[in-house]
Peer 1: 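Just passing along the structure, written as structure tokens.
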There are 2 protein chains.
Amino acid sequence: MRSLSDRIEKYLKVLIERSENEEVEIQRIELAETFRCAPSQITYVLATRFTASEGFITESKRGGGGFIKIRKFPLDENSVKTGISETQAENTLQDLKNSGFLTGREAFLLREILGREVLDPASDESDYVRFKILHKVMKLIKEMEGQWDVL
Amino acid sequence: MRSLSDRIEKYLKVLIERSENEEVEIQRIELAETFRCAPSQITYVLATRFTASEGFITESKRGGGGFIKIRKFPLDENSVKTGISETQAENTLQDLKNSGFLTGREAFLLREILGREVLDPASDESDYVRFKILHKVMKLIKEMEGQWDVL
DNA sequence: TAAGTAAAGGTCAAAGAAGGTCAAAGGAGA
DNA sequence: TCTCCTTTGACCTTCTTTGACCTTTACTTA
């Protein structure tokens, strides 16, 4: 018998799969009501099944009109071929910062590196380099998993 | 479900987009009536979504015939092509100073750097350099968000 | 012209509406 | 039984919305 967490996980992954852009936006309370559980249960599922090492980014806002957004990393074979634009790179960095995987300064530095001043914005070559750099960053996040200080 | 603030923000941004000169002028009470909310709600939206670090400047006047004017910084892709004149640069610096994002000395220094003695006023190349410098400044303001001292 | 009034916008604190955290209790399998 | 994963609930933090009260500006009137 699968647990509640498993069912919520499955439910969210189906939503993401069916989405156009590999992401889904929910309201914690609403989802909790749907599954008739405590809101913190949703937080738990996110924390255990939608981690960066699983390839997910989550973003949220509190207060009125609050939400939780779950997004899958753009790190599939497709991205390797098409590359990543400056804007996509910035969005990803923003996500990583918001999720606490990068500090403000780290994100800042990377943004500068990936920016137009360094990489010609109108070049496919640049997009590919951008992808390679970001891919490395993601890999580091995955592998280090909270042990950055060992560097 | 998006919040009232989100809807008002969207509304104003559409107005700005449709305008000729990237600015819009409204009356607080009128807009509040349109959205059936307290006038201070409008002030809140301005304070949270139309900040300088978001690329906006607001200006207002009280009393009879009062108004609120919202302007977008001239720092979009278009500016990249056309560059920024010395006068435009000065206006932007003035705005940044008035909004409290730059101190008097900082604005002064930048004004000197961007001025005619350093950058030939009759050169497209200069306009482009001016844009790049200002853009960097804005970016720093945005990224550092009150944490300049960490550098 | 000085004083008063009406018509704006500004401020700020409190209430409301989300999501976050964490420790403790509950369960399932080794 | 012991351990590890789930589930819950009390309490916290952040963002939104409102309303009472303040300040500024334009207009009117003695």
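Letters A, B, ... are given to chains in the order of the sequence lines, protein chains preceding strands, and every chain is numbered from 1. This one's a predicted model, so the numbers in the text were calculated from it and none came from an experiment.
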Peer 1: Spell out, as yes or no, whether a donor-acceptor pair under 3.5 Å connects the side chain of A/E25 to the backbone of A/I68.
Peer 2: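 Such a contact is absent between A/E25 side chain and A/I68 backbone.
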Peer 1: Just verifying a value: how many Å separate A/F50 CZ and A/I8 CD1, rounded to the nearest 0.5 Å?
Peer 2: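 CD1 of A/I8 is found 9.5 Å from CZ of A/F50.
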Peer 1: What residue among B/I16, B/T51, B/L46 forms side-chain contact (heavy atoms from CB on, under 4.5 Å) with B/F56?
Peer 2: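 Answer after filtering B/I16, B/T51, B/L46: B/I16.
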Peer 1: Starting at CD of B/E9 and ending at C1' of D/dC15, how long is that distance when rounded to a whole Å?
Peer 2: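 So the two atoms are 13 Å apart, to the nearest Å.
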Peer 1: If you only use heavy atoms from C-beta on, which nucleotide in D/dT8, C/dA8, D/dT16 is closest to the side chain of A/A38?
Peer 2: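 The answer is D/dT8.
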Peer 1: For the pair made of CD in B/E59 and P in C/dG9, what is the distance, rounded to whole Å?
Peer 2: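 In whole Å, C/dG9 P and B/E59 CD are 14 Å from each other.
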Peer 1: So what does B/I68 touch, heavy atoms closer than 4.0 Å: a base, only the sugar-phosphate, or nothing?
Peer 2: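 B/I68: backbone/sugar contact only, no base atoms under 4.0 Å.
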Peer 1: Closest approach to the side chain of A/I29, judged atom by atom: which nucleotide of C/dC12, C/dC22, C/dA18 is it?
Peer 2: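 Taking heavy atoms from C-beta onward, the closest nucleotide is C/dA18.
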Peer 1: Among the candidates D/dT8, D/dT6, D/dT13, find the nucleotide nearest to the side-chain atoms of A/R62.
Peer 2: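 Side chain of A/R62 sits closest to D/dT13.
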Peer 1: Which residue pairs satisfy the salt bridge (Lys or Arg N to Asp or Glu O under 4.0 Å) criterion with at least one member in residues 32-51 of chain B, sequence neighbours excluded?
Peer 2: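 Output for this query lists B/D6-B/R49, B/E9-B/R49.
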Peer 1: For B/F35 and D/dT16, give me the distance from atom CZ to atom P, rounded to whole Å.
Peer 2: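 Rounding to the nearest Å, CZ of B/F35 and P of D/dT16 are 15 Å apart.
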Peer 1: Tell me whether the OP1 or OP2 atom of C/dG20 has a side-chain N or O from A/T43 closer than 4.0 Å.
Peer 2: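 Yes, A/T43 has a side-chain N/O under 4.0 Å of OP1/OP2 on C/dG20.
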Peer 1: Among C/dG20, D/dG19, C/dA18, which nucleotide has an atom closest to any side-chain atom of A/Q27?
Peer 2: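 It is C/dA18.
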Peer 1: Report which part of the nucleic acid A/S60 touches: base, sugar-phosphate, or nothing (heavy-atom distance under 4.0 Å, all strands).
Peer 2: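 Since only primed, P, OP1 and OP2 atoms lie under 4.0 Å of A/S60, the category is sugar-phosphate.
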Peer 1: Can you figure out which of D/dT16, C/dG9, D/dT6 approaches the side chain of B/S5 most closely?
Peer 2: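 Of D/dT16, C/dG9, D/dT6, D/dT16 is nearest to the side chain of B/S5.
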Peer 1: Starting at CD1 of B/I8 and ending at C1' of D/dC15, how long is that distance when rounded to a whole Å?
Peer 2: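 It works out to 14 Å between those atoms.
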Peer 1: Distance check, rounded to the nearest 0.5 Å: B/F35 atom CZ versus B/S5 atom OG?
Peer 2: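 OG of B/S5 is found 10.5 Å from CZ of B/F35.
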Peer 1: Roughly, in whole Å, what's the span from CG in B/D6 to C1' in D/dT14?
Peer 2: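 So the two atoms are 14 Å apart, to the nearest Å.
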Peer 1: For B/R49, which contact category applies under a 4.0 Å heavy-atom criterion: base, sugar-phosphate, or nothing?
Peer 2: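 Contact class for B/R49: sugar-phosphate only.
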Peer 1: Would you kindly give the CZ-to-C1' distance between B/R36 and D/dT17, to the nearest whole Å?
Peer 2: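 To the nearest whole Å, that distance equals 16 Å.
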Peer 1: Under 4.0 angstrom, heavy atoms only, what part of the nucleic acid is B/L4 near: base, sugar-phosphate, or nothing?
Peer 2: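 Touches sugar-phosphate only.
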Peer 1: Of the candidate nucleotides C/dC22, D/dT7, C/dG9, which contains the atom at the shortest distance from the side chain of A/Y44?
Peer 2: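 Selected nucleotide (nearest to the side chain): D/dT7.
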Peer 1: Say whether B/T58 and B/R71, considering side chains only, have a donor N or O and an acceptor N or O under 3.5 Å apart.
Peer 2: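 The answer is no; no qualifying pair exists.
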Peer 1: To the nearest Å, give me how far apart CZ (A/R2) and P (D/dT7) are.
Peer 2: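 Spelled out: CZ on A/R2 to P on D/dT7 is 12 Å.
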Peer 1: Out of C/dT11, D/dT7, D/dT18, which has the shortest distance to the side chain of A/Q41?
Peer 2: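 For A/Q41, the side-chain atoms sit closest to D/dT7.
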Peer 1: For A/R28 and D/dT14, give me the distance from atom CZ to atom P, rounded to whole Å.
Peer 2: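 Going from A/R28 (CZ) to D/dT14 (P), I get 15 Å.
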Peer 1: Please state whether the phosphate of C/dA17, meaning OP1 or OP2, lies under 4.0 angstrom from any side-chain nitrogen or oxygen of A/K61.
Peer 2: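 For C/dA17, neither OP1 nor OP2 has a side-chain N or O of A/K61 closer than 4.0 Å.
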